Amino acid sequence: MIGRITGTLVELDTGHNTVLLEVGGLAYELMVPGYTVSNLSEKINRTITLYCLEYYEGSSVGGNLIPRIIGFPQKEDKIFFQRFITVKGIGIRKALKALAKPLADIAYCIENGDTKMLATLPEIGKRTAEQVVAELKGKMGDFALAASATAHAARKPLTAIEQEALEILLQLGERRNEAEEYIGRIVKSDETIKTTDALVQAVYRLKAGGR
């Protein structure tokens, strides 16, 4: 079993999410998740390392089984993928297309029950998004930490009005990450809001689909 491959990236097929790695005169074709394609496009003719997962595709009837290799840039990505494909209705091919965004962001949405964002992923509709949250929530916290830390580092300190509005929203049962996101969007787009009450009201207008 191949656990890791280091070689020269000689070809990238963005349409089928496959790469060709040249290793010691041999060229290995690997399938890769959607989120890796943009990064790999900058590494043509450079040496890269991919962590591998092997499986067989096809039917055992008549011995029609084709060996496939999937490549991941990090060991942790491989573990994420193995958990993701345990969800009912998500096979390997579907998962490869669905994982088009950074895995930390997807894990963050799973842990926070954000089915709306998950439903925007390729091959993942509303029903599958709900299934993903139902089966994986509570199991992706280690992957979600990276997205949470990045978002926290990028977020500016809350003003007194924003902090008061956040506390009110939390008391009303809102989730912290969603409340902070709404507050951030509102204060960025509307500089006329100067009071806590106005900010809270604006949050609920935005949630309802208004402005």
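Predicted model, so just to flag it, every value in this text is computed and none were measured.
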- Task: Salt-bridge test for Asp142 and Arg83: reply yes if a basic N is under 4.0 Å from a carboxylate O, no otherwise.
- Result: yes
- Note on the structure: Smallest heavy-atom separation, Pro33 atom then Thr36 atom, equals O-OG1, 2.8 Å
- Message: Whether the side chain of Lys78 engages the backbone of Gln74 through a donor-acceptor N/O pair (distance < 3.5 Å, no angle test) should be reported.
- Response: no
- Taking the side chain from Lys75 and the backbone from Tyr51, do they hold a donor-acceptor pair closer than 3.5 Å? no
- Item | Tyr55 vs Glu57, side-chain hydrogen bond (donor to acceptor under 3.5 Å, both in side chains): CA-CA, chis, key distance, verdict | CA-CA 7 Å; Tyr55 78 102; Glu57 187 175 70; 3.2 Å; yes
- Residue list, ring pair (Phe, Tyr, Trp, His ring centres under 6.0 Å) with Phe81, at least two apart or on another chain: Phe72
- Message: Determine whether a donor-acceptor pair (N or O, by modelled atom type, separation under 3.5 Å) exists between the side chain of Lys101 and the backbone of Ala98.
- Response: no
- Item | Remaining members of hydrophobic cluster (4.5 Å side-chain criterion), Val10 | Leu20
- Is a side-chain donor or acceptor of Gln171 paired with a backbone partner of Ile168 at a separation under 3.5 angstrom? no
- Message: For Asp190 and Thr192, which I'm curious about, is there any donor-acceptor pair between the side chains at under 3.5 Å?
- Response: yes
- Message: If we count only N and O atoms by modelled type, under 3.5 Å, do the side chains of Tyr108 and Asp114 hold a donor and an acceptor together?
- Response: no
- Apart from Leu40 itself, which Ile, Leu, Val, Met, Phe, Trp or Tyr residues share its cluster (side-chain heavy atoms under 4.5 Å, direct or through members)? Ile2, Ile5, Leu9, Leu12, Val19, Leu21, Val23, Leu26, Tyr28, Leu30, Val32, Val37, Ile44, Ile48, Leu50, Ile69
- Output yes when a side-chain donor or acceptor of Glu22 lies under 3.5 Å from a complementary backbone atom of Thr8, and no otherwise. no
- Message: Among Glu135, Glu130, Lys137, Gln131, exactly one meets side chain to side chain contact (heavy atoms under 4.5 Å, CB included) together with Val133. Which residue is that?
- Response: Lys137
